[in-house]
Asks: 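Can you keep this structure in mind? I'll have questions shortly.
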Amino acid sequence: MQTNIPNILFCCIFLLFSGALLQAQEIEQNRSIRIEAEKDSLVLVSTLPLAQMIKSQDSILGLFQTDTLKQERKNRMITDVVDYKATDYMRLSNREKKMYLYNEAQVVYQDMTIDAGYIIIDNEKNEVYAYGITDSTGAYTQTPVFQQGAKTVEPDSIRFNFDTERALVYNSRTQEASFNVKGEVTKRENDSVYFMKNVRFTTSENVDDPEYYFYARKIKFVPDRKIVSGFVNMYIADIPTPLGLPFGYFPLTEERTSGFIIPSFGDSQQGYFLQNGGYYFALSDYADLLAVGDYYTNGSYAMRLESSYTKRYKFRGNFSFRYERQYNSERGFPDFSESSVYNIRWSHSQDAKASPSSRFSASVNLGSSNYYQQSVNQSNTANFLNNTLSSSVSYSKTFEGNPGVNFSLTATHSQNTNTGEINMTLPTLQASVDRIYPFAPQGGSKKGIIQNINLQYNLRAENRFNTTDSLFFQPEMFRDAVLGAQHSIPLATNFKILKYFSVSASTNFEENWVFKTYERSYDETTNSEVIDTINGFDSYRTYNFNTSIGTTLYGRKDFSKDSKIQAIRHVIRPSISYGINPAFDQYYDTYERESLTDRDGLTDLVEYSRFTGTLYGAPNRNYSSSIGLSVSNTLEAKVRDKDSTATEPKKIKLLNNFSFSTSYNLAADKLKLAPVSVRGGIPIIQNKLDINFTGNLDPYALNNNNQRIDKLNIANGGSLFRLTNANVSFGYSFSSKDFSDKDNENEDEIDNESYRNGGRKDDLFGKNTDLDGNLYEDEDPFEGDEEEEKNKEWYRYKIPWDIRLSYTMTYSNQRRQSEISSHSLMFSGDVELSPKWAVGASSGFDIREGGFTYTQLRFQRDLESWRMSFSWVPFSARRSWNFFIGIKSSVLSDIKYDKRRQPTRTIGRN
C-alpha cells in the first residue's frame, strides 16, 4: 500500500488558498515520490529532477511567507533526471538548499553512480558530497563507491559537481589494468583525465597495506591509457629504496600494444651480456611478433623471432626462429672457436569446426643438432636430454561419395641429435579409395564368404632425403633424393565356420614405381664392385596371400557370494594363420667376380637386384610358406565392492593380454621355427600401475662361436628355450589427491613447451625455467580451491604432494652375454610445504652403472606480488644453477633480478 503524503498537503493548501490550485497541479504532474518498506527500514526513492523538486518546495513554502518579493532563481545546468534513495531517511532543507540521504544512500546521474553511507546534495552549488558512516563499534563503514561507465573508484569521501562533472576524491582506490592505485587527493577533470597527489600504485591485491609500491608526489592518470608521474621511487614493506626515477611512464591498456622490451643484464662464459632486449609488435587482434636479441662482450650475439596467431573457430598457432652466433675465448688464442646454431619451431592447429572435410596441421622442430646443447639462452632440459627432433606438416582432404576418396599431403622430418643424421620426406602423397563390397546386398547385413569380399585402392608416393646436419638443404642433399610411388590393392573377406570360428583371408597386389635404379658390376682392375646409377622410370610388382582362423574361449569359476572373490574368468583367444610370400627371381641379376676363397682363376657368382637401394627396396627373393600361432590370455576377477551400497561386484584384471606368438616356415631348409615372443601386463593398482614385460624365447642352440645352429637347445643339453632378451617396465604417478575423497582431475591433456618440441609429458628430466622464473609451466602451485584457501592456517593446512616414477630393466642374452644392458629408476616429485612454499626434485639412479642420472633440485616461493625461484643441477655436464626474483605482473616484468651459472659448453668450429 502506498501513501502519497504530498497529495494530502496539496489538498489542504487548495482548501485554504484556492488561487494556488493551478500551481499545485503543475507540481503534482511533474513529481513522483513513493515510500517503500525494505527489511524493516524506510527507503525513499525519487525520480524528480533535483532542481525542480527543491524549486517546487520553495514555491509551496513561499505561500506562507509575507514577503511577496521573490528573487529569480538562477538556471542550473542539470540536464537529466537525478535518481536517489536511502534506507534510513531522506531530508530536504529549504534554508540550506540541500538534501540529506543517510544509510545505504545512492545517487544516479546519467552514467554516474555514487553509493555511500551519507550523501549530501547541494542544490545551490549543484554538487554532491559522499562520506562513509560510523557504525556502533566505531568503524568507518559504507565508504563511497564512485562508478562511471566501467570505471570504479572507492575513496574515503568524494565531492562531485553536476555542472562541470569535476570531482575531488580523497584517499581514492581504483584498479587500472594490473595496477591498484591509491591517491591521497584526486582531482577529476573529466571522465578521461585525473590529477592525483601523494599516490602509490602497485600490483599487490592489498592496496592499503601492499608488500611493495611505487610512490609519486604528483601524477597524471588517463584511464585505459597511461600513468605519467613526476619523481617516483620504489618502497618495499613501507621502506623507501634507492630505486627511483625523475619521472615515470606506465601504460595501462588492456589490449596488446607495441613497445620496447628492456634487456636483462648479467655475465656468462661469453662475458657480460644483455639478453632478451628488443621490441614487441602488436600486429593486429589476431597476430603479434616478438623480436629480441642478445649481445655478449666477447662478440657473441643471438636473435629470436616469435609470433602467435589465432582466429576464432578457424585456427591457432605459433612460430619461433632462433639463431645464435657464439665465440669461445678470444680471436688469436689457441682455444678460440666459433659456432652457429639455429632452431625453427612451428605449431599450427585447425579448429575441428572450421572445415569438416579438410584439415591442416603442423608441428615443426628442426635446426642444428647441437642447438639444445650449445644454446646459451634456453634451459629446456627435456629437449636437451632428448636425442630426436621431429617435424610433420600435413594437409588432408576427404571427397564425399560412394566410394569416398581420401587424400593427404605430408612433409616429415626426423633428426638424430647425436649422429646428426636427418631423414626427410618432402612431400609424401597418400590417396585411398574406401572399401568396396561388390557382392554385398542392397539392404541388410553381409553374410558369408562372397558377400564380405571387399577391396580398396591405396597410393603412397614419396620424395625422400637422407642427409646429415652439415649438408642440410645443400645441393648434395637434393642430388641424392630418392623418389618413388607404391600402388596397392588389398582384396579380403571374412566369414564364420562352425558358428564359433572366425576366418579371414586376404591377398595384396603391389606395384612399385621408381625413377632411379642401380646396376652393379665387377672391376677387375680395382678388384671392387662398381655401382652405376641409372636414371629413368622402372617398376616391379609383388603379391602375397594370408589367411587366419581364430576363436574365443571362456572359462569361469564361481565362488560363494559371501567370499571376497566371487568369480574368476579366464579368456583365451587362440589364432592360427598361414601366409605365402612368393619369390620374385625375375628382378634379380648376377655378375662374376674373383673368388674370395680361391684365387686360382675361379670366380664367384654374385646375385643382386637393380632395385636394391630404391625407395621401397628390392622385392623378396626367397619363397616362404609359414604357419603362425598366437595365444592371448586375460584373467579377470569379480570382487565384493567396499561400498556397501553397490549392487554389483567390482571387476578387476589380474592378468592383462598375456600372449605368446611364433611361426614355422615350411619352405625354409633350416631354422624353421621362429623365437617365441612373450608379452603382457600385470595390473598392480587398477587403472594406475601396470607392470609390462616382453621377452623372446629361442628354441635353437648356439655353437662355440655363439651363432644359431639348426639344433634344438634341449637336444644340445640345454633347456627347452633360451631367453635371448627381455624387458620389464612400469610408470606410476600418485599424489595426495589419491588419498582424499575428491575425484582426481584428468591430467591426460598436457600441453607444455617441452612436449610440443619433442620432450616428455612428465618432468622426470626436470622442469623448465622460464624467463619469468616460473618452474611450473602450465600450473600455478599456489593456486588452490576455495576450501584450501580457507584452510591456510598452519594448524589446518594440508600439504599437497605428488610423485612420478619410471622403472625399466633390459636383459640381453643373444650371444650368451647374459647381462642386464640397462637398469634404471627415475623419479620426480613436488611438495607444497605451505601455501607459499613449493619444493621439488627430479632425478634417477642407474642401477647398472651405480650412479645418479640427471638431477635437478628446485624450490619456489610465492611473495604475493613477487615470485622467487631457484633451480640447481648439482652434477653432470649440465651442472648449473639459476636464481630469480621478480614481480609476477607482466606490466612490471622487467623489475627483476636473476643470476645464473650456465653449463659449460664446448663450442665446435664451423
Side-chain angles (χ1 to χ4, degrees), residues 494 496-498 500-506 544-557 568-581 624-637 651-668 670-684 686 689-702 708-731 807-818 820-822:
N494 61 83
K496 285 192 174 184
I497 59 174
L498 301 178
Y500 299 107
F501 293 91
S502 299
V503 181
S504 64
S506 64
N544 56 38
F545 172 78
N546 293 279
T547 185
S548 66
I549 181 172
T551 188
T552 302
L553 304 175
Y554 297 92
R556 180 185 175 105
K557 173 64 177 176
I568 293 180
R569 188 177 73 163
H570 185 196
V571 182
I572 306 175
R573 293 183 174 87
S575 175
I576 301 176
S577 62
Y578 174 71
I580 296 177
N581 290 284
S624 67
S625 174
S626 60
I627 298 176
L629 173 66
S630 68
V631 180
S632 67
N633 300 264
T634 300
L635 196 62
E636 298 175 322
K651 293 182 180 180
I652 62 172
K653 286 188 177 182
L654 304 177
L655 193 61
N656 185 22
N657 196 25
F658 180 48
S659 63
F660 301 87
S661 63
T662 186
S663 64
Y664 185 82
N665 192 348
L666 300 173
K670 56 182 180 179
L671 300 175
K672 294 185 177 183
L673 187 61
V676 179
S677 176
V678 182
R679 63 180 62 248
I682 302 177
I684 304 299
Q686 296 297 317
L689 174 61
D690 287 1
I691 297 180
N692 302 306
F693 57 88
T694 61
N696 287 323
L697 303 173
D698 195 344
Y700 291 104
L702 298 177
R708 293 180 73 200
I709 59 176
D710 191 20
K711 187 176 182 180
L712 295 178
N713 192 59
I714 191 172
N716 199 40
S719 59
L720 180 61
F721 293 101
R722 289 186 306 107
L723 180 62
T724 57
N725 57 71
N727 177 267
V728 178
S729 65
F730 71 83
Y807 171 82
T808 182
M809 187 272 288
T810 302
Y811 172 77
S812 300
N813 190 35
Q814 291 181 341
R815 301 176 61 85
R816 288 200 182 101
Q817 64 268 39
S818 185
I820 296 177
S821 55
S822 66

Asks: Can you name the closest pair of heavy atoms from Leu697 and Phe721 and give their distance?
Replies: CB-CB, 3.7 Å
Asks: Using the test ring pair (Phe, Tyr, Trp, His ring centres under 6.0 Å), find all partners of Phe658 that sit at least two apart in sequence or belong to another chain.
Replies: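 With neighbours one apart ignored, the set is Phe660, Phe693.
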Asks: Can you establish whether the number of heavy atoms outside Ile576 located under 6.0 Å from its atom CD1 is more than 12?
Replies: no
Asks: For Ser548, give me all partners under side-chain hydrogen bond (donor to acceptor under 3.5 Å, both in side chains), at least two apart in sequence or on another chain.
Replies: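 Listed in chain order: Ser504.
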Asks: For the residue pair Leu655 and Ile682, establish whether any side-chain heavy-atom pair is separated by less than 4.5 Å.
Replies: yes
Asks: So does Leu671 get a backbone contact from the side chain of Asp710, meaning a donor-acceptor N/O pair under 3.5 Å?
Replies: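 Looks like yes, one N/O pair under 3.5 Å.
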Asks: Nearest 0.5 Å please: distance from the OG atom of Ser506 over to the CG atom of Asn546.
Replies: 5.0 Å
Asks: Might you confirm whether atom NZ of Lys672 has over 12 heavy atoms from other residues, nucleotides or ligands at distances under 6.0 Å?
Replies: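 Yes, the 6.0 Å shell around NZ holds more than 12 heavy atoms from other groups.
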Asks: Search all heavy atoms of Gln817 against all heavy atoms of Ser812 and return the closest pair with its distance.
Replies: CG-O, 3.4 Å
Asks: Please check if the side chain of Arg708 supplies one atom and the backbone of Asp698 the other of a donor-acceptor pair under 3.5 Å.
Replies: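 Side chain of Arg708 to backbone of Asp698, a donor-acceptor pair under 3.5 Å: no, none is there.
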Asks: Applying side-chain contact (heavy atoms from CB on, under 4.5 Å), name anything that partners Ile572, two or more places apart in sequence or on another chain.
Replies: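 Partners of Ile572 under the side-chain contact (heavy atoms from CB on, under 4.5 Å) test: Leu553, His570, Pro574, Val631, Asn633.
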Asks: Got a sec, which residues hit salt bridge (charged side-chain N to carboxylate O under 4.0 Å, His left out) with Asp690, two or more places apart in sequence or on another chain?
Replies: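 For Asp690, no residue satisfies salt bridge (charged side-chain N to carboxylate O under 4.0 Å, His left out) once neighbours in sequence are set aside.
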Asks: Which distance, rounded to the nearest 0.5 Å, do you find between the CD1 of Ile714 and the CZ of Arg722?
Replies: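 One finds 13.5 Å between CD1 of Ile714 and CZ of Arg722.
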Asks: Which residues pass the ring pair (Phe, Tyr, Trp, His ring centres under 6.0 Å) test with Tyr811, not counting sequence neighbours?
Replies: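 For Tyr811, no residue satisfies ring pair (Phe, Tyr, Trp, His ring centres under 6.0 Å) once neighbours in sequence are set aside.
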Asks: For Tyr664, give me all partners under side-chain hydrogen bond (donor to acceptor under 3.5 Å, both in side chains), at least two apart in sequence or on another chain.
Replies: none
Asks: Quick one: ring pair (Phe, Tyr, Trp, His ring centres under 6.0 Å) partners of Phe501, sequence neighbours excluded?
Replies: none
Asks: Drop me the distance from Ile549's CD1 to Ser502's OG, to the nearest 0.5 angstrom.
Replies: 8.5 Å
Asks: Any luck finding a side-chain donor-acceptor pair between Thr810 and Asn727 under 3.5 Å?
Replies: yes
Asks: Does Leu689 have any side-chain contact (heavy atoms from CB on, under 4.5 Å) partners at least two apart in sequence or in another chain, and if so, which?
Replies: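 With sequence neighbours excluded, Leu689 shows a side-chain contact (heavy atoms from CB on, under 4.5 Å) to Ile684, Ile685, Phe730, Tyr732, given in chain and number order.
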Asks: Measuring from Ile709:CD1 to Asn716:CG, what's the distance to the nearest 0.5 Å?
Replies: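 Nearest 0.5 Å value for the CD1-CG distance: 5.0 Å.
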Asks: Could you check whether any side-chain N or O of Asn696 sits under 3.5 Å from a backbone N or O of Thr724, counting only pairs where one atom can act as donor and the other as acceptor?
Replies: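 Not confirmed, Asn696 side chain does not pair with Thr724 backbone.
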Asks: Do you know which two heavy atoms are closest between Pro675 and Pro699, and how far apart they sit?
Replies: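 Looks like CA-CD, 4.2 Å.
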Asks: Do Tyr700 and Asn713 pass the side-chain contact (heavy atoms from CB on, under 4.5 Å) test, and can you show the C-alpha distance, the side-chain angles, and the key distance before you say yes or no?
Replies: CA-CA 5 Å; Tyr700 291 104; Asn713 192 59; over 6 Å; no
Asks: Under the rule for side-chain hydrogen bond (donor to acceptor under 3.5 Å, both in side chains), what residues qualify as partners of Ser625, not counting sequence neighbours?
Replies: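 Ser625 satisfies side-chain hydrogen bond (donor to acceptor under 3.5 Å, both in side chains) with Tyr578 once adjacent residues are dropped.
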Asks: Run the side-chain hydrogen bond (donor to acceptor under 3.5 Å, both in side chains) test against Thr552 and tell me which residues pass, sequence neighbours left out.
Replies: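 Thr552 satisfies side-chain hydrogen bond (donor to acceptor under 3.5 Å, both in side chains) with no other residue.
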Asks: Nearest 0.5 Å, please: how far is OG in Ser663 from CD1 in Ile627?
Replies: 10.0 Å
Asks: CG/Asn813 to OG/Ser818 distance, rounded to the nearest 0.5 angstrom?
Replies: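 Atom-to-atom, Asn813:CG and Ser818:OG are 4.5 Å apart.
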Asks: State which residues pass side-chain contact (heavy atoms from CB on, under 4.5 Å) with Thr634; sequence neighbours excluded, sorted by chain then number.
Replies: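 Thr634: side-chain contact (heavy atoms from CB on, under 4.5 Å) contacts with Val571, Arg573, Glu636.
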Asks: So, using salt bridge (charged side-chain N to carboxylate O under 4.0 Å, His left out) as the criterion, who are the partners of Arg679 when residues are at least two apart?
Replies: none
